[in-house]
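Below is one structure, written out as structure tokens, with a few remarks after it.
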Number of protein chains: 2
Amino acid sequence: MPHTTFDPHDHSACIQQALQAAQAHCAEHKLQFTKIRRRVLEILLAQHHAMGAYDILEQLAAEGQNAQPPVAYRALDFLVSNGFAHKIQQLNAYIACTHPGAEHTPAFLICRTCKGVAETCLATGNHPPAGMFGGAARDMGFRIETAVIEASGLCPACQQQDIPCA
Amino acid sequence: MPHTTFDPHDHSACIQQALQAAQAHCAEHKLQFTKIRRRVLEILLAQHHAMGAYDILEQLAAEGQNAQPPVAYRALDFLVSNGFAHKIQQLNAYIACTHPGAEHTPAFLICRTCKGVAETCLATGNHPPAGMFGGAARDMGFRIETAVIEASGLCPACQQQDIPCA
DNA sequence: CTTGATATGTTATATCATAACGTTTAATTA
DNA sequence: TAATTAAACGTTATGATATAACATATCAAG
């Protein structure tokens, strides 16, 4: 039984695992897992919701660290570049990666009501260069390098409340 | 042989067809296809590239119509709501729909070099509520309503130049 | 321990988007 | 067709997201 955003799970273990994975990856690749990079990752990990850069700055400010926008964006760039976090394009917001370590094209399920975000694995054969575009890309000779895949809808809990689509 | 962004094709026919489809759809659904909405769609149709709202305003200004941002955003909202245009989330930019009329979840192929954007059909079984997420969504009880699917890479023409990935 | 590379602090500004309100145009109906 | 209501537009102001540029500090390699 996997634990995801929309299942109850041991969240502090979830956080610890992600931090350790990041630390290990940085050690192995000679990347500097600096204080602020670590702190921003911790802030993202605290909840399974996407956060804007300015939300992170606010959180830092609440902790006494009055940082300017580039501080947040630089930390986020580092985390995203190295696969520790992802940007949710349709929200202009960021979320900690829940598949640390593995090379992957992330795909997200975003609840429009509670704003929870789950990162999922794609079906076999749907990894971007392969299926998914049904050969349409291959047929026209397009070479896919990266993909943004973000689904929105209702998580199990929010479906109980039958909120109409808009 | 379908014509797409990355194939040579009769582009003025392409434009005419889209405009007529929009006009017909508006007539049928009692929507007002006003001058400015039509003009914005024409601007989007002129090229198979995504354009920012401010690019559109610039184009309008060049034509003597000195409009403010809400003018562009309102027209874009109308076009997107009614399926005549789409927003490319990863570019914060807009593009005319090339599958007018049909209900669809658009998927895009974006060339990182020439900035061309093609709208494609997904493989059968990949329409969002169905496959693609490999049952992951179903398994966790998530109800998908909409999806953002945007692939980036190199179009056939730009592959000739072997531009490295970043 | 010096040198070069990387990271951080800070100011300023660019880019994308919307709220709010008054005016105009279009659609509805008495 | 005139009165009434709804929709669209023009305009000002501002909010939200993101980056350029440069000075300072810290780290890492020779």
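Here is the naming used below: chain letters follow the sequence lines, and residue numbers restart at 1 for every chain.
Residues satisfying the ring pair (Phe, Tyr, Trp, His ring centres under 6.0 Å) criterion with A:His48, sequence neighbours excluded, are A:His9, A:His11. Here A:Glu58 pairs with nothing under the salt bridge (Lys or Arg N to Asp or Glu O under 4.0 Å) rule; sequence neighbours left out. Applying the salt bridge (Lys or Arg N to Asp or Glu O under 4.0 Å) test to B:Arg37 and every residue at least two apart in sequence or in another chain returns nothing. Judged as a ring pair (Phe, Tyr, Trp, His ring centres under 6.0 Å), and not counting sequence neighbours, the contacts of B:Phe6 are A:Phe142. Among residues two or more places apart in sequence or in another chain, the side-chain contact (heavy atoms from CB on, under 4.5 Å) test is passed with B:Asp55 by B:Met51.
Note on A:Phe33: nothing from the nucleic acid sits closer than 4.0 angstrom, heavy atoms only.
The end-to-end axis angle of the helix from C:dC1-D:dG30 to C:dA30-D:dT1, rounded to 10 degrees and based on five pairs per end, is 40°.
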> Can B:His86 and B:His99 be said to form a side chain to side chain donor-acceptor pair (under 3.5 Å), step by step?
Replying inline: CA-CA 11 Å; B:His86 302 293; B:His99 293 73; over 6 Å; no
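Here the range on DNA chain C touched by chain A, meaning any atom under 4.0 Å from one of its heavy atoms, is C:dT6 to C:dT11.
B:Leu109 and B:Ile88 fall into different hydrophobic clusters, defined by Ile, Leu, Val, Met, Phe, Trp and Tyr side-chain heavy atoms under 4.5 Å apart, directly or through other members.
The nearest whole Å value for the distance from the CD atom in A:Gln89 to the P atom in D:dT17 is 14 Å. Here the P atom of nucleotide D:dA16 and the NZ atom of A:Lys87 are 16 Å apart, to the nearest Å. D:dT17 atom P lies 18 Å from atom CG of B:Leu91, rounded to whole Å.
Atom OG1 in B:Thr5 sits 15.0 Å away from atom NZ in B:Lys115 (nearest 0.5 Å). A:Glu119 contributes atom CD, which lies 4.0 Å from atom SG of A:Cys97 (distance to the nearest 0.5 angstrom).
Listed by first and then second residue, the salt bridge (Lys or Arg N to Asp or Glu O under 4.0 Å) pairs involving residues 61-73 of chain A are A:Arg39-A:Glu63 (not counting sequence neighbours). Counting only residues at least two apart or on different chains, the ring pair (Phe, Tyr, Trp, His ring centres under 6.0 Å) pairs with a member in residues 55-85 of chain B are B:His25-B:Phe84.
Within the 4.5 Å cutoff, the side chain of A:Ile43 has heavy atoms near those of the A:Leu60 side chain.
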Polar atom pairs (N or O), protein with nucleotides 23-30 of chain D, under 3.5 Å:
none

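Of the side-chain N and O atoms in B:Asn92, none sit less than 4.0 angstrom from OP1 or OP2 of D:dT17.
Contacts between residues 49-79 of chain A and DNA chain C, defined by a heavy-atom separation under 4.0 Å, are made by A:Gln68, A:Pro70, A:Val71, A:Arg74.
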Could you list the donor-acceptor pairs under 3.5 angstrom formed by side chains in residues 148-155 of chain B, with sequence neighbours left out?
unit_1	atom_1	unit_2	atom_2	d
B:Glu150	OE1	B:Gln90	N	3.1
B:Glu150	OE1	B:Gln90	NE2	3.0
B:Glu150	OE2	B:Gln89	N	2.6
B:Ser152	OG	B:Gln90	OE1	3.0

